[in-house]
Amino acid sequence: MKKPSGRFPQREVAEKRIQRRVIWVLTEGEQTEPAYLDMWAHHNTDVHLEIRDTGMSPDALVRRAKAHKRRQPRKQVDRDFDEIWCVSDTDEHKKLRDAIQDARQSGVEMVVSNPCFELWLVLHAQNQTGYIHRHDVQRLSEKVGLTNGKKIAETAHHTLMEAFDIAKERAQTLDELHAGNASPDRSNPSTDVWRLVDQLRDGK
């Protein structure tokens, strides 16, 4: 058997020198969510984001995430990702609660927006404390210039990045309001997308 030379190819040395956390994300939406998350990942060289699967129901997302976890090599150094997340809307998914519980028990991180992802975007521009239908949220997101159909508006990037802390505070306040009036967890309106963004922006 040929003994190792004790030297690494230049490319391998460079890869070992630059250690980045790898985050895999599965999203219900096929356009808006991936575009928004990519925006953050491109501004943090300490994190490598991969959008692995899109366009599935919450329970299907969690099942797919669990399958990815099962295929992970046992050795930490050989693993494909450090964290895996699912991003889902509430909409009218009957198995959402089961999906959230399944994710929690399986070590899969999951963030949920009620009624839809656009609520998280709207919170960057204004508060929203009352119940709102997803179609109304989507129209509002377009009205304040954050989305154009299913796409993130090109002129919205600065607002979405600069107002992150404000949107996060508003989202956390919504959780406090629901807890204060004994509303069920993740009631309309609510979103915890900020938890995933915190990982993408800070490289914790």
Checklist entry - Given side chains that start at C-beta, do those of Gln72 and Asp80 come closer than 4.5 Å, heavy atoms only? => result yes
Checklist entry - Run the side chain to side chain contact (heavy atoms under 4.5 Å, CB included) check on Thr90 and Arg186 step by step: do they pass? => result CA-CA 9 Å; Thr90 298; Arg186 297 268 68 90; 5.6 Å; no
Closest non-hydrogen atom pair, [X] against [Y]:
X: Gly130; Y: Asn188; result: O-OD1, 4.3 Å
X: Thr155; Y: Gly145; result: OG1-O, 4.2 Å
X: Leu123; Y: Gln128; result: CD2-N, 3.9 Å
X: Leu160; Y: His124; result: O-CD2, 3.2 Å
X: Gln126; Y: Arg170; result: N-NH1, 3.2 Å
X: Thr54; Y: Gly29; result: CB-O, 3.7 Å

Checklist entry - How about Ser57 and Asp59: does a side-chain donor come under 3.5 Å of a side-chain acceptor? => result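 Looking only at side-chain atoms, Asp59 and Ser57 do form a donor-acceptor pair, the distance falling under 3.5 Å.
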Answer with yes or no whether the hydrophobic clustering places [X] together with [Y]; edges join I, L, V, M, F, W, Y residues whose side-chain heavy atoms lie under 4.5 Å apart.
X: Val111; Y: Leu200; result: yes
X: Ile51; Y: Leu121; result: yes
X: Val47; Y: Val25; result: yes
X: Trp120; Y: Leu49; result: yes
X: Met110; Y: Val87; result: no

Checklist entry - side chain to side chain contact (heavy atoms under 4.5 Å, CB included) between Gln199 and Glu109: does it pass, once the steps are laid out? => result CA-CA 11 Å; Gln199 301 304 309; Glu109 295 288 348; over 6 Å; no
Item to check | Trp40 and Tyr36 aromatic ring geometry - parallel, tilted or perpendicular at 30°/60° bounds | outcome: perpendicular
Check for a donor-acceptor pair, side chain of [X] on one end and backbone N or O of [Y] on the other, with a separation under 3.5 Å.
X: Asp89; Y: Pro115; answer: no
X: Asp82; Y: Ile23; answer: no
X: Arg79; Y: Arg74; answer: yes
X: Asn181; Y: Ser183; answer: yes

Next on the checklist: I'd like to know whether Thr32 forms a side chain to side chain contact (heavy atoms under 4.5 Å, CB included) with Ile152, so could you lay out the CA-CA distance, the side-chain angles of the two residues, the decisive distance to 0.1 Å, and finally the verdict.
Outcome noted: CA-CA 6 Å; Thr32 313; Ile152 300 292; 3.8 Å; yes
Counting heavy atoms not belonging to [X], are there more than 12 under 6.0 Å from its [atom1]?
X: Asn148; atom1: CG; value: no
X: His133; atom1: NE2; value: yes
X: Glu169; atom1: CD; value: no
X: Arg64; atom1: CZ; value: no

Checklist entry - How far apart are the C-alpha atoms of Thr129 and Asn127, what are their side-chain angles, what is the distance that settles it, and do they pass the side chain to side chain donor-acceptor pair (under 3.5 Å) test? => result CA-CA 6 Å; Thr129 58; Asn127 213 344; 5.8 Å; no
Nearest-0.5 Å distance, [atom1] of residue [X] to [atom2] of residue [Y]:
X: Glu28; Y: Met56; atom1: CD; atom2: CE; result: 10.0 Å
X: Gln138; Y: Glu118; atom1: CD; atom2: CD; result: 4.5 Å
X: His68; Y: Phe81; atom1: NE2; atom2: CZ; result: 7.5 Å
X: Ile84; Y: Ser106; atom1: CD1; atom2: OG; result: 11.0 Å
X: Arg201; Y: Phe164; atom1: CZ; atom2: CZ; result: 4.5 Å
X: Thr27; Y: Arg52; atom1: OG1; atom2: CZ; result: 12.5 Å

Next on the checklist: Assess the residue pair Lys168 and Asp165 against the criterion (salt bridge (charged side-chain N to carboxylate O under 4.0 Å, His left out)); give the C-alpha distance rounded to whole Å, side-chain angles, the decisive distance to 0.1 Å, and a yes or no.
Outcome noted: CA-CA 5 Å; Lys168 176 180 176 179; Asp165 288 327; 5.7 Å; no
Item to check | Residue among Leu196, Val112, Val62 satisfying side-chain contact (heavy atoms from CB on, under 4.5 Å) with Cys86 | outcome: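 Exactly one option meets the side-chain contact (heavy atoms from CB on, under 4.5 Å) with Cys86, and it is Val62.
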Item to check | Matching residue for Leu119 among Asn114, Val193, Thr191 - test: side-chain contact (heavy atoms from CB on, under 4.5 Å) | outcome: Thr191
Item to check | side chain to side chain contact (heavy atoms under 4.5 Å, CB included) evaluation trace for His178 with Asp185 | outcome: CA-CA 7 Å; His178 292 312; Asp185 188 36; over 6 Å; no
Checklist entry - Does Arg139 come within less than 4.0 Å of Asp136, counting only side-chain N to carboxylate O? => result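 Asp136 and Arg139: salt-bridged.
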Item to check | Of Arg63, Lys66, Arg97, Lys95, the residue whose pairing with Asp102 passes side-chain hydrogen bond (donor to acceptor under 3.5 Å, both in side chains) | outcome: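 Going through Arg63, Lys66, Arg97, Lys95 one by one, the side-chain hydrogen bond (donor to acceptor under 3.5 Å, both in side chains) with Asp102 is satisfied by Lys66 alone.
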